[in-house]
2 protein chains.
Amino acid sequence: MADINFSSPQAASDSRAAESRPSPARDGALRWDIIELLFFAYRDFVGDADHELEAFGFGRAHHRVMHFVYRYPGLKVADLLDVLRITKQSLGRVLKQLLDEGYIVQKTGNNDRRQRLLYATAKGEALVARLATLQTTRIDRALEQIGPAGAETVRRFLRAMIDRDDPDKVLETIFGAASAKE
Amino acid sequence: MADINFSSPQAASDSRAAESRPSPARDGALRWDIIELLFFAYRDFVGDADHELEAFGFGRAHHRVMHFVYRYPGLKVADLLDVLRITKQSLGRVLKQLLDEGYIVQKTGNNDRRQRLLYATAKGEALVARLATLQTTRIDRALEQIGPAGAETVRRFLRAMIDRDDPDKVLETIFGAASAKE
DNA sequence: CAAGATACGTCAATATGGCTGACATAAACT
DNA sequence: AGTTTATGTCAGCCATATTGACGTATCTTG
């Protein structure tokens, strides 16, 4: 559509607006490429699930809750709040929907009867598996293109991108398992 | 905090709720580990910027707009809509704020005077650079742990995670530049 | 046992950032 | 002159997040 007024990155600094000053030299030291690749990769990665969720009348929030409840059976509400980093009021609505519609069930804790331990039902498992299958397809396709050793490199990179101070229980499990994966 | 009712992934399938059925065998073929690592890595990655943005009274939406306007000077409004995949009404509010507060300026297109080409001001550049610096610190820290060859593996992985059909102009630039980076 | 802390639920109000639909204007194209 | 395109804007709706307050059951502790 129309002409090419779409310059390459930083190639048109001379055409900057009046108030604009030449870009600082530190610019080259920044990881612009990876920053942008992460943006697009994550956008498309969650896009897979978003599209499918529409058919269920659910949003991203429902996916996140279902995923972690399925993966870590018996998760407490408080743990879920830590992982998702949202307030219990926000979680409340989404969780209530998933309970009402039979995707998740609650069980009173054995040791502490105040706790409501969360478990995915068969219906919930089916949903999570369907979404994970979509995302796995994308991941497998990407991993194919970087060779067998690449997968471990990617895992190590992603792990190193995650904050290690004040980890929640899910992260403790993930990092605790270390390389004892699969 | 209290007892350990936090099972390892899939280790507590026997304690599932009544309606729950044993997990299907396909479970093992799914990339649970990478799915979760991507979630946490991206959460913390954008968290760096989120925290800083609060001081400016801005949100993630402002960051995304500022980033791409800075990186691709002279971006048209329509291009920005393609990249961000939002409607012009949504963009409108955010963009107006950034214009009013002097982070971005508009310039009428030379060839087509209907177009409003977008440019970051010095003020805008400073903001983008500050946020990119935070994120670069995290990325550099992660790359250090996977060796020099790892960075290119990560780039190739992320590129392969992105949809190639119907790419917007920014993606065309990114993929067009191929390995002619930096 | 009584007091306090904890786990969870919920009501109410508010903000952000998406969305659709409709309509307006200016400029380009035919 | 008429149509299409690029942009802006008004009005309203929805999803998801927030804070603050309050209630209730249950565990812990003096």
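Residue numbers begin at 1 in each chain, while the letters A, B, ... track the order of the sequences.
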Whole-Å distance separating the [atom1] atom of [X] from the [atom2] atom of [N]:
| X | N | atom1 | atom2 | answer |
| --- | --- | --- | --- | --- |
| A:E54 | D:dT16 | CD | P | 12 Å |
| A:D50 | C:dC19 | CG | P | 12 Å |
| B:Q115 | C:dT25 | CD | C1' | 16 Å |
| A:D82 | C:dA7 | CG | C1' | 12 Å |
| A:D79 | C:dA7 | CG | C1' | 11 Å |
| B:K96 | C:dT16 | NZ | P | 16 Å |
| A:R116 | D:dT24 | CZ | C1' | 10 Å |
| A:L117 | C:dG9 | CG | P | 11 Å |

Taking only the side-chain heavy atoms of [X] (C-beta and beyond), determine which of [options] contains the nearest atom.
| X | options | result |
| --- | --- | --- |
| A:A78 | C:dC8, C:dA7, D:dT18 | C:dC8 |
| B:R113 | D:dT19, D:dA6, C:dA27 | C:dA27 |
| B:T87 | D:dT18, C:dC19, C:dA27 | C:dC19 |
| B:Q89 | C:dG18, D:dA11, C:dT10 | D:dA11 |

Problem set entry | Contact nearer the 5' end of DNA chain C, comparing B:K88 with B:R93 | B:R93

Is the shortest distance from a Lys or Arg side-chain nitrogen in [X] or [Y] to a carboxylate oxygen in the other one below 4.0 Å?
| X | Y | value |
| --- | --- | --- |
| A:R155 | A:E152 | yes |
| A:R138 | B:D163 | yes |
| B:R85 | A:D44 | yes |
| A:D82 | A:K169 | no |

Exercise. With a 3.5 Å cut-off and just heavy-atom distances, do the side chain of B:R114 and the base of D:dT5 make a donor-acceptor pair?
Worked result: yes

Exercise. Across the strands shown, which category fits B:G92 at heavy-atom distances under 4.0 angstrom: base, sugar-phosphate, nothing?
Worked result: nothing

Exercise. Across the strands shown, which category fits B:Q106 at heavy-atom distances under 4.0 angstrom: base, sugar-phosphate, nothing?
Worked result: sugar-phosphate

Problem set entry | N or O in side chain of A:S90 less than 4.0 angstrom from D:dT16 OP1/OP2 | no

Problem set entry | Phosphate OP1/OP2 of C:dG17 contacted by B:R85 side-chain N/O (<4.0 Å) | no

For this session: Measure the acute angle between the ring planes of B:H67 and B:H63, then classify it against the limits of 30° and 60° as parallel, tilted or perpendicular.
Result: perpendicular

Seminar exercise, completed: Between A:R64 and A:N110, the residue closer to the 5' end of DNA chain D by nearest nucleotide is A:R64

